[in-house]
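Taking it in order: structure first as structure tokens, then the write-up.
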Amino acid sequence: MSLTDSIARFVVRCLRPNSARVLESVNDARTALGIPVLEELPVGLRGEFDRCPLARALPGVVGVDGVAFAVPDQAVAVANVWRTTIEFSPTGVFIAKLPRSLRRFVQ
């Protein structure tokens, strides 16, 4: 392994959010949506947006900076619990912006 690879892995480990914090944020959103909490994050596949742990844990469509919901009340509930904002997409969906820890997790 090269020095560059070692440094890159170290930086990723330092920036990676704590998995307990990610699970807490996911469960906050699930509670706000009235669905049962999880004991652990689902297993996902890197690079597959529809099969990442957040996509498997939340009912909306997860993107790199938010979760899209067709129902505005769902986006409002999740954004409120995460203390983030909502964007209205030209495609007609409401996007609850991800908190910083979840954005880093998705990245």
Side-chain angles (χ1 to χ4, degrees):
M1 181 180 312
S2 72
L3 178 59
T4 304
D5 289 341
S6 297
I7 291 171
R9 287 177 188 252
F10 174 76
V11 169
V12 166
R13 271 196 304 268
C14 290
L15 295 177
R16 181 182 300 150
N18 178 301
S19 60
R21 177 69 186 118
V22 171
L23 179 60
E24 180 182 350
S25 293
V26 165
N27 280 334
D28 288 345
R30 290 176 65 89
T31 299
L33 295 169
I35 54 180
V37 298
L38 301 172
E39 291 188 28
E40 59 186 32
L41 286 172
V43 176
L45 294 173
R46 183 181 301 246
E48 305 239 357
F49 79 94
D50 59 337
R51 294 178 61 192
C52 82
L54 293 185
R56 297 185 66 211
L58 297 170
V61 177
V62 177
V64 295
D65 62 351
V67 181
F69 295 96
V71 179
D73 291 347
Q74 291 177 323
V76 169
V78 171
N80 283 343
V81 76
W82 284 344
R83 296 185 176 106
T84 61
T85 59
I86 298 170
E87 284 185 11
F88 179 71
S89 167
T91 60
V93 297
F94 299 84
I95 302 168
K97 302 299 274 183
L98 293 173
R100 184 177 7 181
S101 63
L102 292 183
R103 277 195 320 267
R104 286 197 327 240
F105 180 81
V106 170
Q107 292 169 350

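Values in this document were obtained by computation on a predicted structure and should not be read as measured data.
- Sorted by first and then second residue, the pairs that involve residues 51-77 and meet side-chain hydrogen bond (donor to acceptor under 3.5 Å, both in side chains), not counting sequence neighbours, are Asp65-Lys97.
- When each of Cys52, Ser19, Pro53 is checked for a side-chain contact (heavy atoms from CB on, under 4.5 Å) with Phe105, only Pro53 meets the rule.
- Under the rule for a side-chain contact (heavy atoms from CB on, under 4.5 Å), the partners of Leu38 that lie at least two apart in sequence or sit in another chain are Leu23, Val26, Asn27, Arg30, Pro42, Ala57.
- Val71 and Val62 fall into different hydrophobic clusters, where Ile, Leu, Val, Met, Phe, Trp and Tyr side chains are chained together by heavy-atom contacts under 4.5 Å.
- Gly63 approaches Leu98 most closely through the heavy-atom pair O-CD1, 3.7 Å.
- Val93 belongs to a hydrophobic cluster whose other members, connected by ILVMFWY side-chain contacts under 4.5 Å either directly or through intermediates, are Ile95.
- Val43 belongs to no hydrophobic cluster, as no Ile, Leu, Val, Met, Phe, Trp or Tyr side chain comes under 4.5 Å of its own.
- Side chain of Trp82 to backbone of Ser25: a donor-acceptor contact under 3.5 angstrom is found.
- Summarising the hydrophobic clusters (Ile, Leu, Val, Met, Phe, Trp, Tyr; side-chain heavy atoms under 4.5 Å, direct or chained), the residues clustered with Phe88 are Val76, Ile86, Phe94.
- The two residues Gly60 and Val67 make their nearest non-hydrogen contact at CA-CG1, 3.7 Å.
- Linking ILVMFWY residues whenever their side-chain heavy atoms come closer than 4.5 Å, directly or via other members, leaves Val22 and Val37 in distinct clusters.
- Residues forming a side-chain contact (heavy atoms from CB on, under 4.5 Å) with Ala32 (at least two apart in sequence, or on another chain): Ala77, Val81.
- Across Phe69 and Pro59, no two heavy atoms sit closer than the pair CE2-CG, 4.2 Å.
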